[in-house]
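Scroll down for the structure; my scribbles are underneath it.
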Amino acid sequence: MIKILIADDHFIVRKGLRQLLLEEFNTVEIEEAEDAETLLSKLRKSEWDLLICDINMPGRSGLDALKQIKISFPAMPVLILSMHNAEQYAIRVLRTGASGYLNKSSIGEELLIAVKRLLSGKKYFSQSVMEILACSIGKDFGKQAHDSLSSREFDVMKYLAAGKSIADIAVMLSLGVTTISTYRYRVMAKIGLRTNSDLTKYAMDNQLLEY
């Protein structure tokens with residue numbers, strides 16, 4: 001019996017993934033988690049063959065949870081799903097220990113290919129991600145200031161650079177306004193900037209904004 005845990009804060013996404021997996025595998029047990037805390041709780045209560053996890057979830061992000069997961073369950077393969085461009089997260093995902101990375105727009109046949117590879121002990125990255133990883137060989141990504149940001153700080157940075165207010169970001173990430181303000185302070189301090197305009201220019205110069 002294959003045991004797969006799906007972590008995503010969107011009900012429709014979880015149900016879509018569940019349906020795809022049930023149609024493909026004859027013997028599979030699937031459970032769901034709508035946030036990182038529920039995910040971590042279910043991981044502690046049972047053993048899983050695969051975790052499919054959204055990169056963005058309320059409270060603690062998928063990448064923040066992944067760091068803890070790889071410490072407690074280093075052998076469990078993790079497939080990260082994201083709506084963001086691969087250029088922005090592929091290296092972070094690989095560094096954090098994920099076995100695969102897939103854009104949500106590719107959910108379908110490519111998802112099943114990725115799941116089968118991870119269940120067989122291999123890794124899966126799409127062609128676009130492989131090109132990014134190939135280009136990274138020999139480069140020192142640590143020289144970029146935003147590489148020092150945590151996953152949640154990176155999310156807040158992008159939203160601020162895109163012109164979102166602190167209140168808007170708090171709603172989008174299901175966090176308090178004070179918490180977002182703290183993240184903003186950390187982002188500015190780590191990157192060495194003072195204003196949101198400076199942050200927008202930095203994000204544009206480093207191709208961190210999505211259009």
Result block: side-chain N/O donor-acceptor pairs under 3.5 angstrom for residues 161-174, not counting sequence neighbours:
residue	atom	partner	partner atom	Å
Ser165	OG	Asp168	N	3.1
Ser165	OG	Asp168	OD2	3.0

Check: [Y] and [X] side chains under 4.5 Å, non-hydrogen atoms:
X	Y	answer
Asp54	Lys104	yes
Thr182	Thr179	no
Tyr183	Leu175	yes
Leu111	Leu17	yes
Val28	Leu22	yes
Tyr101	Ser82	yes
Tyr202	Leu193	yes
Leu5	Ile30	no

Measuring from [X]:[atom1] to [Y]:[atom2], what's the distance to the nearest 0.5 Å?
X	Y	atom1	atom2	result
Ser99	Lys122	OG	NZ	13.5 Å
Leu40	Asp35	CG	CG	9.0 Å
Ile52	Ile4	CD1	CD1	5.5 Å
Arg186	Lys190	CZ	NZ	7.0 Å
Leu81	Cys53	CG	SG	8.0 Å
Ile55	Leu102	CD1	CG	12.0 Å

Please identify each residue that fulfils salt bridge (Lys or Arg N to Asp or Glu O under 4.0 Å) with [X], with sequence neighbours left out.
X	answer
Glu24	Lys116
Lys67	none
Lys201	Asp205
Lys123	none

Just do the side chain to side chain contact (heavy atoms under 4.5 Å, CB included) check on Leu199 and Met188 with the steps written out, would you? CA-CA 8 Å; Leu199 194 60; Met188 294 300 189; 4.0 Å; yes
Output, in order, the C-alpha distance, side-chain angles, deciding distance and verdict of salt bridge (charged side-chain N to carboxylate O under 4.0 Å, His left out) for Lys3 and Glu47. CA-CA 8 Å; Lys3 295 185 63 176; Glu47 294 185 3; over 6 Å; no
Any side-chain to backbone donor/acceptor pair from Trp48 onto Lys42? Under 3.5 Å, distance only. yes
Examine distances only and state if a side-chain atom of Ser72 and a backbone atom of Ile69 form a donor-acceptor pair shorter than 3.5 Å. no
Ignoring hydrogens, what is the shortest heavy-atom contact between [X] and [Y]? Give both atom names and the distance.
X	Y	answer
Val156	Arg184	CG1-N, 4.4 Å
Asp49	Met1	OD2-O, 3.6 Å
Leu118	Pro77	O-CG, 4.0 Å

Residues forming a side-chain contact (heavy atoms from CB on, under 4.5 Å) with Arg14, sequence neighbours excluded: Ile6, Asp8, Phe11, Glu32, Glu34
Exercise: do Lys70 and Thr96 side chains pair donor with acceptor under 3.5 Å: no
As a quick check of understanding, evaluate side chain to side chain contact (heavy atoms under 4.5 Å, CB included) for Ile2 and Leu21, giving each step before the final call. CA-CA 10 Å; Ile2 300 171; Leu21 295 169; over 6 Å; no
Between Ile191 and Asp198, is the side chain to side chain contact (heavy atoms under 4.5 Å, CB included) condition met? List the steps. CA-CA 10 Å; Ile191 299 182; Asp198 294 335; over 6 Å; no
I'd like to know whether Lys158 forms a salt bridge (charged side-chain N to carboxylate O under 4.0 Å, His left out) with Asp155, so could you lay out the CA-CA distance, the side-chain angles of the two residues, the decisive distance to 0.1 Å, and finally the verdict. CA-CA 5 Å; Lys158 290 202 310 168; Asp155 291 336; 5.3 Å; no
